[in-house]
Structures are given as structure tokens and as C-alpha cells.
Amino acid sequence: KSSKKYNIEFVSANPTGPMHVGHCRGAIFGDVLANLLLFNGNKVTKEYYINDYGNQIYNFVESVFLRIREIKYKEKFILKDNLYPGTYIIEIAQQIINKEKDNKFNDFKKSYESLKRLSLESSMSLIKNDLSKLGIKHDIFVSETDLVKKDLVNKAVKILQSKNFVED
């Protein structure tokens, strides 16, 4: 009996907030599937795909920025469409303030990249903690931002086209 290699991508909850019961259900299902494949002698990589690119992430980071401004400068949090008003955003903002004591957080656009990194680190830490409580550990975490920056989707499509596996 020969073993096969599988990449099981599961959970991959949007990192704009904590996991909910639906994410937990998917996490357990994916982990059980991966473990059954492992038990039967297959090689399995458990992957978490971090959806850290696009408008949702921009809105998430803007929400964190506005909560930071609220905490540091007593500015009112603006309730506008697509922002994340949850209390977990306040916790993330406070963690970032504690890490970045000297940062004035005056310019959202200039601080976006570092704020995005810090916000995602905090959010993914919450998610990983929840997964740990379920006894679930992923082998790899793949960032959508990294895939986009390295143009890996287009490169993969070109390889598939060169082997006549896909057509235009």
C-alpha cells in the first residue's frame, strides 16, 4: 500500500475577529480528516490560509487604528460601514499601544503596513489560542498577502498552461 501526500487546508477563519462556533466545527472536521489520512499511512500537511489581503483587512486595520486613537487621544470611534466595532478590537488596540509606546499613531496611511502586521499578529494569536484549546495544530500558515506579492497565482497558472492542464 503506497502512501499519498495531502494538503488539508482548514479553518482559515478570517483574521478580522475571533473564531465562532462555525469555525470550530470546520476546525474539528478538518483535523479529524487529516488525522484519519495520517492514521492510514499518508503524509499530510495541515494548512491554515490567512486571508490577510483586501478590503476586509483594510477595514479591520482602520478599526484598530480608530480604537487606538480612541484609547490614546479620547477620540470618538467613528461608526461607519464596514468597520469592526467589537470589544476585541479594543483589546488588540491596547496590545499594540503597549508594544508601540512611542508611536503617536497620527497618520493611518503611513502606519498602515506596520499596524496591519501588529493587528494580524494579535488576531492570529487569539485564533491560535482557540485552536490550541481544541487540540488543533497546523503545520503551516500561508499568507494571502505573500502569495499576491510574489505573484504566485499567476505563476502557477502559467505552469499549468505550459503543461496544457488549463486553457485560456
Side-chain angles (χ1 to χ4, degrees), residues 1-65 67 82-96 98-99 112-168:
K1 179 176 159 178
S2 66
S3 71
K4 294 182 180 179
K5 293 180 182 180
Y6 293 92
N7 184 68
I8 307 291
E9 180 265 323
F10 63 103
V11 185
S12 301
N14 194 319
T16 57
M19 288 181 34
H20 56 64
V21 172
H23 296 132
C24 293
R25 179 180 171 268
I28 292 166
F29 180 82
D31 197 54
V32 167
L33 176 61
N35 290 335
L36 283 170
L37 288 166
L38 282 165
F39 179 79
N40 284 297
N42 297 288
K43 294 182 190 308
V44 176
T45 300
K46 297 178 183 182
E47 178 184 320
Y48 189 111
Y49 182 80
I50 305 170
N51 298 302
D52 60 356
Y53 185 81
N55 288 335
Q56 283 185 306
I57 295 301
Y58 185 88
N59 294 334
F60 169 64
V61 176
E62 183 179 9
S63 300
V64 172
F65 177 78
R67 287 297 188 191
N82 302 319
L83 291 184
Y84 296 86
T87 56
Y88 66 95
I89 299 289
I90 296 169
E91 293 167 22
I92 290 171
Q94 188 62 61
Q95 287 174 6
I96 292 170
N98 294 345
K99 282 183 187 173
Y112 177 77
E113 286 303 323
S114 65
L115 201 52
K116 175 183 171 182
R117 181 183 50 76
L118 292 164
S119 299
L120 287 167
E121 281 174 11
S122 292
S123 182
M124 287 305 300
S125 178
L126 292 171
I127 291 169
K128 287 176 182 179
N129 185 45
D130 287 343
L131 290 170
S132 176
K133 289 175 183 172
L134 292 169
I136 297 171
K137 184 178 181 318
H138 286 81
D139 300 311
I140 60 171
F141 289 80
V142 176
S143 162
E144 181 179 8
T145 297
D146 288 346
L147 295 178
V148 170
K149 283 183 179 177
K150 294 174 183 172
D151 198 31
L152 292 179
V153 173
N154 287 325
K155 289 176 182 175
V157 169
K158 285 179 182 162
I159 290 169
L160 292 170
Q161 286 171 331
S162 73
K163 297 180 184 223
N164 292 319
F165 290 139
V166 294
E167 295 179 18
D168 286 332

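These figures come from a predicted structure and were not determined experimentally. Hydrogens, waters and symmetry mates play no part in the numbers below; they use all other heavy atoms, side chains included.
For the pair Lys4 (side chain) and Leu37 (backbone), a donor-acceptor distance under 3.5 Å is absent. Between the side chain of Ser123 and the backbone N or O of Ser119, no donor-acceptor pair lies under 3.5 Å. In this structure a side-chain-to-backbone donor-acceptor pair under 3.5 Å is present from Tyr48 to Ala13. At least one donor-acceptor pair under 3.5 Å links the side chain of Asn40 to the backbone N or O of Leu36.
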Name each donor-acceptor pair under 3.5 Å that joins a side chain in residues 131-141 to protein atoms two or more places apart or in another chain, with its distance.
from	atom 1	to	atom 2	distance (Å)
His138	NE2	Phe10	O	3.2
Asp139	OD2	Lys46	N	2.7

Could you give the side-chain donor-acceptor pairs of residues 156-167 under 3.5 Å, partners two or more places apart or in another chain?
from	atom 1	to	atom 2	distance (Å)
Gln161	NE2	Asp168	OD1	2.6
Ser162	OG	Ile159	O	2.7

Using a 3.5 Å cut-off and no angle test, enumerate the donor-acceptor pairs between side-chain atoms of residues 83-95 and protein atoms at least two apart in sequence or in another chain.
from	atom 1	to	atom 2	distance (Å)
Tyr88	OH	Thr16	O	2.8
Gln94	NE2	Asn98	OD1	3.0
Gln95	OE1	Ser122	OG	2.8

Between Ile127 and Met124, is the side-chain contact (heavy atoms from CB on, under 4.5 Å) condition met? List the steps. CA-CA 5 Å; Ile127 291 169; Met124 287 305 300; 4.1 Å; yes

Evaluate Asn35 against Asp31 for side-chain hydrogen bond (donor to acceptor under 3.5 Å, both in side chains), listing each step before the verdict. CA-CA 6 Å; Asn35 290 335; Asp31 197 54; 3.3 Å; yes

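Rounded to the nearest 0.5 angstrom, Asn7 CG and Tyr49 OH are separated by 12.5 Å. We find the CG-CD1 distance between Leu118 and Ile96 to be 5.0 Å, quoted to the nearest 0.5 Å. In this structure, CZ on Phe29 lies 5.5 Å from CG on Leu33, to the nearest 0.5 angstrom.
Under a 4.0 Å N-O distance rule, the pair Glu121/Arg117 qualifies as a salt bridge.
Ring centroids of Tyr58 and Tyr112 are separated by less than 6.0 Å, placing the two rings close together.
Between Gly41 and Ser3, the shortest heavy-atom contact is O-CB, 2.7 Å.
If you check the side chains of Asn14 and Gln56, you find a donor sitting under 3.5 Å from an acceptor.
With Thr145 as the fixed residue, the side chain to side chain donor-acceptor pair (under 3.5 Å) test singles out one of Lys116, Lys150, Glu113: Lys116.
A heavy-atom distance below 4.5 Å is not found between the side chains of Leu126 and Pro15.
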